[in-house]
Every structure is written in C-alpha cells, then in structure tokens.
Protein chains: 2
Amino acid sequence: MNVDSVAFAKAIADETRQEIMQHLCCVWLSVNDVVDKLGGKVNQPTVSHHLKKLEDAQLVLVRQEGRQRFYTLNQEQLTVCCGLLVRSFAPDYAAKVVPVDAIPVVEHE
Amino acid sequence: MNVDSVAFAKAIADETRQEIMQHLCCVWLSVNDVVDKLGGKVNQPTVSHHLKKLEDAQLVLVRQEGRQRFYTLNQEQLTVCCGLLVRSFAPDYAAKVVPVDAIPVVEHE
DNA sequence: TTGACATATTGATAAACGTCGATACAATGA
DNA sequence: TCATTGTATCGACGTTTATCAATATGTCAA
C-alpha cells in the first residue's frame, strides 16, 4: 500500500484546489493573481492555504520574486502520481497507457 | 473545471479505501472477505461504507450472488479518470501517456 | 525609518468524513 | 414459519478540513 498515492489524492480532492491547479497550468501566477482568477470565490488566506497543500504534495513549483511568490503547476509530478495509480490499481491497463521507460521505479511494500 | 475528477479524487483520498482497492485488484471478494483481508483494521459497517463510496465513483464492479455481494476493482474507470487528470493538468505529458489506439488516425493532409 | 504592499500564519467556526455499535433488511436453509 | 448468515443502514462521536477575519511576517520604496 502506497502512502504517497493517498497524499496525492488528498491534495487534489478539493474543488477549489483543482480550480487553482487549472489556473496554474502552463503559466506562472502570483498568489494575488490566483485570487483574482478565482473571482471572489475565496479570499487570499484561503488561496495561500491551498497553495501550501499543493506545495506539500509537490504539485506546484514556486519561485520567489521580490515580495511576490509565483506558482505554477508541476505537470511532471502529477503525471508520475497518475502513473503510480494506474500501475497500482490498473495493472491490466498500465502497459497500454504508460510507456514503460517513463515510469519511475516505485518503492513500496 | 471538471467535477468528475474531484469526485474521483475524493473517492480514492483515504488510506483504508486504497487498501480495499488493493485487495480488490484483479479478484472478486465478498464484503466479509474484504473485512478479513483488512485483518481487524476496521469492521464490517465501515467496509460497507467504503465500498459504497467506491461504487458511487464507479471504481468497483458489483455482482450479487445469493446473500453475498462480490466486488472487484474497475480498472478501466480508474484508468479513464487518471487519463482525464493528465489531460487536464499535464497537457505537456498527455501525448506520451494517452494510449496510441485511442488516437484517431488521420489519413491525409 | 516609515509606509505600503504581498503573502503567510493564527484562531475560530462550521461542514464533511471515518469509525463504531446497534439494528434493519434480505436470502437461505431447517 | 423460524433461525442463521451476509450486508446495508442508522445515529452518535471524534477528527479532519475549508473557510474566514484578524494579524504577523517579509520586502521594497521613499
């Protein structure tokens, strides 16, 4: 049983967080940029809270610049985690879906 | 923003549930079989609760047989959900991960 | 240093969730 | 019919979590 895949699932198991992830896909945004993108759905401390959770799960990359912090989605980590899930829970599909050489070696059990 | 990927994440965002999924991978087990496999970690009503959550997310297939209900992991649904995640949140990697036979062949141009 | 701005942290609150014991429901066999 | 077995549901409880307002921390400019 792999604890990391539980941590990954918990990290993305929130609608607001996935919305933030969507906005951070392929672009770097400051915290306030994200707050603005969410259009008043939640306010700044909540966004910071979610970004911290995503950072803990290594699902975002962070770059400090002056007094701002820029975040972007870590696509590689997300891909790795999904690959892990498929390998663990869909072995019959793993070979078809994920190229073997792209799968990091998993340590578990 | 895709609601289904949030539902999927919530469904697998629990350690006990992932443990159950592990045991249901490639085999059919009755509820009590699962309870036994968990070796006293949780008891029967809790297992039923988790199986219902997994069933709601279509992550398990169910077969009634007499007074027993047999469950097995739905590997296809899990694969689909992971593919959805990668396409949504890792577009730069999606091309490598999506199965070749799922891509429609273009004959000309 | 002072003030303004960007972000993180804290404390409180309400909702969601996992778990349990007890019990209800359903199917089988005597 | 009744008793037994397998599973689901209910009600309660404690924990986790998302959210907010208020405040602290950190950075830069004047």
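Below, chain A is the first sequence line, B the second, and so on; all start at residue 1.
- Remark: the backbone N or O of A:Phe70 is not paired with any side-chain donor or acceptor of A:Ser30 at under 3.5 angstrom.
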Pair up each side-chain donor or acceptor in residues 57-69 of chain A with any protein partner under 3.5 Å, not counting sequence neighbours, and list the distances.
unit_1  : atom_1 : unit_2  : atom_2 : d
A:Arg63 : NH1    : A:Glu65 : OE1    : 2.4
A:Gln64 : OE1    : A:Arg69 : NH1    : 3.0
A:Arg69 : NE     : A:Tyr71 : OH     : 3.1

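- When the P atom of C:dA4 is taken as reference, atom CG of A:Asn32 falls 17 Å away, rounded to whole Å.
- One interatomic measurement links the two molecules: CD1 of A:Ile20 to P of D:dA18, which rounds to 11 Å at whole-angstrom precision.
- In this entry the distance linking CD of B:Glu19 with C1' of C:dG18 reads 14 Å, nearest Å.
- Atom NZ of B:Lys10 is separated from atom C1' of C:dA15 by 11 Å (rounded to the nearest Å).
- When the C1' atom of C:dG21 is taken as reference, atom CD of B:Gln44 falls 11 Å away, rounded to whole Å.
- The separation between A:Arg69 atom CZ and D:dG26 atom P is 12 Å, rounded to whole Å.
- Look at B:Ser30 and you won't find any side-chain N or O under 4.0 angstrom from OP1 or OP2 of D:dG6.
- Counting only residues at least two apart or on different chains, no salt bridge (Lys or Arg N to Asp or Glu O under 4.0 Å) pair has a member in residues 74-84 of chain A.
- Atom CD in A:Gln18 sits roughly 12 Å away from atom P in D:dA18 (whole-Å rounding).
- Backbone-only contact: B:Tyr71 has heavy atoms under 4.0 Å from sugar-phosphate atoms and none from a base.
- Here the P atom of nucleotide C:dC17 and the CD atom of B:Glu15 are 18 Å apart, to the nearest Å.
- Proximity of residues 47-66 of chain B to DNA chain D (heavy atom under 4.0 angstrom from any strand atom) is restricted to B:Ser48, B:Lys52.
- Regarding contacts with the backbone of C:dG29, every side-chain N or O of B:Arg67 stays at 4.0 angstrom or more from both OP1 and OP2.
- Checked options B:His49, B:Lys41, B:His50; the residue passing with B:Thr16 is B:Lys41 (criterion: side-chain hydrogen bond (donor to acceptor under 3.5 Å, both in side chains)).
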